[in-house]
Amino acid sequence: MVSDRFALISNELIEAEVADFVREHRLELLEKGYSKQGTALRIDILSPKVAAIQPKLEEGDVVQFGFSIRNSI
């Protein structure tokens, strides 16, 4: 049972929208893959933005921002 506010969004539409977003915001597409059954999609995206870790554990410690998008039909 699913809420009436649930929207089915195809993996193909997600891929197209993410590709546009990555280009527009100058991000890096790290990895894109489907589950073995082909129904679940995962896209990992990395930003060029980095920030120093505070307090620093070692000289040059930084965090690079990124995120994952997952969709399953």
Side-chain angles (χ1 to χ4, degrees):
M1 185 152 64
V2 179
S3 165
D4 60 351
R5 295 185 296 183
F6 178 82
L8 180 63
I9 302 173
S10 72
N11 286 331
E12 294 79 15
L13 178 59
I14 296 292
E15 285 183 88
E17 291 294 323
V18 167
D20 290 344
F21 184 83
V22 165
R23 272 191 304 278
E24 182 180 331
H25 295 282
R26 298 183 178 134
L27 302 171
E28 179 184 350
L29 181 68
L30 284 180
E31 188 174 341
K32 177 175 70 172
Y34 281 90
S35 64
K36 290 181 182 176
Q37 297 80 17
T39 57
L41 168 67
R42 180 177 170 164
I43 303 172
D44 297 326
I45 299 166
L46 190 63
S47 167
K49 184 176 181 179
V50 295
I53 296 174
Q54 296 297 330
K56 289 184 179 183
L57 302 176
E58 292 184 24
E59 190 61 37
D61 278 350
V62 295
V63 173
Q64 188 164 8
F65 300 92
F67 56 97
S68 294
I69 295 173
R70 188 173 187 287
N71 188 54
S72 185
I73 55 171

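All residue numbers in this chain count up from 1 along the given sequence.
To the nearest 0.5 Å, atoms CG (N11) and OG1 (T39) are separated by 7.5 Å. Between atom CG of residue L46 and atom CD of residue E31 there is a gap of 12.5 Å, rounded to the nearest 0.5 Å. Rounded to the nearest 0.5 Å, atoms OG (S47) and CD (E28) are 10.0 Å apart. For the atom pair CD1 (I14) and OG (S72), the distance works out to 11.0 Å, reported to the nearest 0.5 Å. Put simply, CD1 on I69 and CZ on F21 are 7.5 Å apart, with the number rounded to the nearest 0.5 Å.
A continuous path of ILVMFWY side-chain contacts below 4.5 Å connects L41 to L29, so both sit in one hydrophobic cluster. One hydrophobic cluster, built from ILVMFWY side chains closer than 4.5 Å, holds both Y34 and L13. In the hydrophobic clustering of this structure, I9 groups with I43; members are Ile, Leu, Val, Met, Phe, Trp, Tyr whose side-chain heavy atoms approach within less than 4.5 Å, directly or through other members.
Applying the salt bridge (Lys or Arg N to Asp or Glu O under 4.0 Å) rule to pairs touching residues 3-18 yields E15-K32, sequence neighbours excluded. Listed by first then second residue, pairs satisfying salt bridge (Lys or Arg N to Asp or Glu O under 4.0 Å) with a partner in residues 44-53 read R42-D44, not counting sequence neighbours.
In this structure, I45 and L30 have side chains that are not in contact, with every pair of non-hydrogen atoms separated by 4.5 Å or more.
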